[in-house]
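This is a predicted model, so every value here is computed, not measured. In what follows, every chain begins at residue 1, and chains take the letters A, B, ... in the order their sequences are listed.
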Number of protein chains: 2
Amino acid sequence: MFTERFLRHRRGVHLEIEERARLETAIGEIKTLPPRTNVVVAGEELSQSILLLEGFMSRYIDDRNGLRQLVAVHVPGDFVDLHAFPLKILDHDVATMTAATVAIVPHSALETITQDLPALSRKLWFSTLIDAAIHRAWLFRLGRLDAVGRVAHFISETNVRLMSAGLSDGRRFALGLIQSDLAEICGLTNVHINRVLRQLREERLCVFRSSLVEILDPEKLAAVGQFNPAYLYIDLQSAEVPSSCPRPIT
Amino acid sequence: MFTERFLRHRRGVHLEIEERARLETAIGEIKTLPPRTNVVVAGEELSQSILLLEGFMSRYIDDRNGLRQLVAVHVPGDFVDLHAFPLKILDHDVATMTAATVAIVPHSALETITQDLPALSRKLWFSTLIDAAIHRAWLFRLGRLDAVGRVAHFISETNVRLMSAGLSDGRRFALGLIQSDLAEICGLTNVHINRVLRQLREERLCVFRSSLVEILDPEKLAAVGQFNPAYLYIDLQSAEVPSSCPRPIT
DNA sequence: CAATCGTGATGACACAGGTTAATTTACGAT
DNA sequence: ATCGTAAATTAACCTGTGTCATCACGATTG
């Protein structure tokens, strides 16, 4: 079941068994990608989209000086560039952050789904709109929060998304990002990200290491980042505590 | 023809005559709204969406201290909260900025369109994805540009969008925004927006007044804002110079 | 085993933009 | 016309974050 994490715990869009099966058959190929690999370049015409199964991916826009602004981070279960199906050409690049396993879905297969299954089509549409809602939360983060708030907000968001994917127990998760990734996410320099991480550590809110993120005080961290998870449309009532997330190194 | 500006000049999604007619019949009611009026509140369930006919609207997220971050500005022709059709509940508020005329489209009418007309449904989907692309450009603006660049980017973007709507001749357009709106768009204070506007005026790039924005040097302004219009998916080849945009006050 | 490179950590200093407050201008209401 | 209020403008000062530079550590690689 490659699609098992897709739209999981998403409020109001439960996938029926037949719908999930139909998506499974739409998958053309499973691929493993090395870390830090570009998979989509802005401006090129696309005929397929990527469902992320394992690992982390990013979408970003380059500026004139070669710096980049990340506009999205994707976790397992995300249909990373489904928006390329209607748009055909993207305005940004897509790359792996860590090693990743992906399912390739040809647009021709999505085409037949939109012809036959309006209900499933609507759920695909919905999933692209969650990405847009996350964009808006990121706008809030960049426009209204200071450096500490931005990092706290991002870590809180990622924690909830990974809980929904069964990859965090609510306090501890693996994330293959380095400090300069955080800088490109939060619109800060890596020097300042380093200062912020030290502060979060010293205030016993959260410890960020590339291999493992540990949230010591989830409520306070969320408060510092003014994080309100409503925009994720996740209903964690139904989420079991996973067994597969990283354990403390006691 | 209330829908005449919807998806106009949008690359690859030309609306057929029958499709446009179908959208027209989906309209329930035409309303006029006063300036600075809230029309959607975050968290409330919605059963209709708004097509903007005249005026300007915004979408925004409040922070803890009552400050707000605008996440979108809408111009005539935009289907402002079409994303509420799949999402049902929004993560942000929607309000008019100026006086506005809107067409109300009940979700039940959209429902039948998605049942009957997959091609039109895809174009509706497309239009919500343009909003997402604009979100990403705004992320770039907030994350990577300094104050002058942010304002230059926003004005350049708005100019192109209004050209497509037939409301700018490429150098001059009416926009009912005040300086503190710009502040809430660009993640700055209104005091600093004022400094930036003076600089843009003194460098003869652009003159911003609430009633009229005049771009003296569009190319240089776009360069300062690192503005690349590709993300708008507008094909202005087919755009005629409008007669309805504001004339110089010679 | 040394050399290299990616990543993280830290200090000194600079500056863009925030804060506060006062003043001026524009404009709708009466 | 005149008043009242919202918006725009400007100045003085302050602070959060950027810039630049250096060093430490661990993982590769030759």
Is the backbone N or O of [Y] less than 3.5 Å from a side-chain atom of [X], with the two atoms forming a donor-acceptor pair by type?
| X | Y | answer |
| --- | --- | --- |
| A/N228 | A/A230 | yes |
| B/H83 | A/L129 | no |
| A/Y233 | B/I89 | yes |
| B/T96 | B/P34 | yes |
| B/E214 | B/C206 | no |
| B/R59 | B/D81 | no |
| B/D217 | B/L205 | no |

Tell me whether A/R64 at atom CZ has more than 12 heavy atoms from other residues, nucleotides or ligands lying less than 6.0 Å away.
yes

Could you check whether B/N190 gets within reach of a base, just the sugar-phosphate, or nothing at all, counting any heavy atom under 4.0 Å?
nothing

Would you mind classifying the nucleic acid contact of B/L197 as base, sugar-phosphate or nothing, using non-hydrogen atoms under 4.0 angstrom?
nothing

All N/O contacts under 3.5 Å from nucleotides 5-7 of chain C to the protein, with atom names and distances to one decimal?
none

For the helix from C/dC1-D/dG30 to C/dT30-D/dA1, what angle lies between the axis at the first five pairs and the axis at the last five pairs, to 10 degrees?
50°

Look for any protein N or O under 3.5 Å of an N or O in nucleotides 27-30 of chain C and output each such pair with its distance, or none.
none

Rounded distance in Å - CG (B/L182) to P (C/dG17):
15 Å

Rounded to whole Å, the CD-P distance (A/E202 to C/dA9) equals 11 Å

Qualifying side chain to side chain donor-acceptor pair (under 3.5 Å) pairs, either residue in residues 32-42 of chain B, two or more places apart
B/R36-B/D181, B/N38-B/Y60

Review item, nucleotides 19-22 of chain C N/O atoms under 3.5 Å of protein N/O:
none

Under a 4.0 Å threshold between the charged nitrogen and the carboxylate oxygen, would A/D78 count as salt-bridged to A/R161?
yes

Check B/R141 with B/E157, please: is the shortest side-chain N to carboxylate O separation under 4.0 Å?
yes

Relative to the ring of B/W138, is the ring of B/F154 parallel (under 30°), tilted (30 to 60°) or perpendicular (over 60°)?
perpendicular

Geometric class of the B/Y231/B/H153 ring pair [parallel <30°, tilted 30-60°, perpendicular >60°]
parallel

Pair A/R5-A/E54, salt bridge (Lys or Arg N to Asp or Glu O under 4.0 Å): steps then yes or no:
CA-CA 10 Å; A/R5 287 187 171 122; A/E54 301 285 346; 3.7 Å; yes

Are any of A/N194's side-chain N or O atoms less than 4.0 Å away from OP1 or OP2 of C/dA9?
yes

Any side-chain heavy atom of A/Q179 within less than 4.5 Å of one from A/H192?
no

Please list, in 5' to 3' order, the outermost nucleotides of DNA chain D lying under 4.0 Å from any heavy atom of chain B.
D/dA7 to D/dA12

